[in-house]
K.L.:
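Quick one: the structure is below, and I'll ask about it shortly.
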Amino acid sequence: MQPRVDFISLGVRSVEASRAFYVDGLGWPVHREVPGEVVFIQANHGLILSLWDAGQMQAEAGVDAPGTVPCITLSHNVGGTGDVDRVLAEAAAAGATITGEPVTQPWGGYTGYFADPDGFRWEVAYNPTWAVADDGMVTV
């Protein structure tokens, strides 16, 4: 199996509320959708973020509903500290809850966190050692 992620699927309580946040609020592009069931967002080169009705997702995957938000962090890396502040402000304007104000980390980066309508945590990060080569390989 190749080390690759092509889809990230989030089981959401309300597809409509999540669509309003990600598409209408943040302006992310819809690739395809089935109203009330799933929204596919083109998140990056070869990567889809799927906002899927939690009940349908749990039934297909054979898992019980979590008691709370599952511990998963999605990271959005940016080019500088000002970009972290700007993206967090955009997320807040779209309806996100800021769960961690931006701070300089001991490892030299600058990060803040927000939660989407279902509580999924997004890290907005500036990492001065993060680089992506033309072939897609990452250096950290």
K.L.:
What are the two closest non-hydrogen atoms of Phe114 and Ala96, and how far apart are they?
P.N.:
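What the structure gives for the nearest pair is CD1-CB, 3.5 Å.
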K.L.:
Which residue is it: Asp116, Asp53, Asp118? I am looking for the one with a salt bridge (charged side-chain N to carboxylate O under 4.0 Å, His left out) to Arg13.
P.N.:
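Result: among Asp116, Asp53, Asp118, Asp118 is the only option passing the salt bridge (charged side-chain N to carboxylate O under 4.0 Å, His left out) with Arg13.
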K.L.:
Would you mind telling me which of Tyr113, Tyr110, Tyr126 makes a side chain to side chain contact (heavy atoms under 4.5 Å, CB included) with Pro102?
P.N.:
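Filter result, single survivor: Tyr110.
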K.L.:
Shortest non-hydrogen contact from Glu123 to Ser75?
P.N.:
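Smallest heavy-atom distance, with atoms named: OE1-OG, 2.6 Å.
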K.L.:
Of Ile48, Ile41, Leu47, which is the lone residue that meets side chain to side chain contact (heavy atoms under 4.5 Å, CB included) with Asn44?
P.N.:
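Looking at Ile48, Ile41, Leu47, the match for Asn44 under the side chain to side chain contact (heavy atoms under 4.5 Å, CB included) is Leu47.
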K.L.:
Would you please classify the geometry between the Tyr22 ring and the Trp28 ring as parallel, tilted or perpendicular, with 30° and 60° separating the classes?
P.N.:
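Taking Tyr22 first and then Trp28, their aromatic rings sit tilted (interplane angle of 30° to 60°).
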K.L.:
May I ask you to decide if Gly82's main-chain N or O and Asp85's side chain share a donor-acceptor pair within less than 3.5 Å?
P.N.:
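No, the answer is negative, given that no donor and acceptor are paired below the 3.5 Å cut-off.
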K.L.:
For the residue pair Gln105 / Thr111, report whether a side-chain donor-acceptor contact shorter than 3.5 Å exists.
P.N.:
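Yes - a donor-acceptor pair under 3.5 Å links their side chains.
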K.L.:
Any sub-3.5 Å donor-acceptor pair from Glu90's side-chain atoms to Ala92's backbone N or O?
P.N.:
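No, the answer is negative, given that no donor and acceptor are paired below the 3.5 Å cut-off.
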K.L.:
On a heavy-atom basis, which atom in Ala94 and which in Leu26 lie closest, and how many Å separate them?
P.N.:
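Looking at all heavy atoms of both residues, the closest pair is CB-CD2, 3.8 Å.
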K.L.:
How close do Ala17 and Pro117 get, counting heavy atoms only, and between which atoms?
P.N.:
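Smallest interatomic distance, heavy atoms only, reads O-CG, 4.1 Å.
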K.L.:
Among Leu88, Thr81, Val87, which one satisfies side chain to side chain contact (heavy atoms under 4.5 Å, CB included) with Val84?
P.N.:
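Filter result, single survivor: Leu88.
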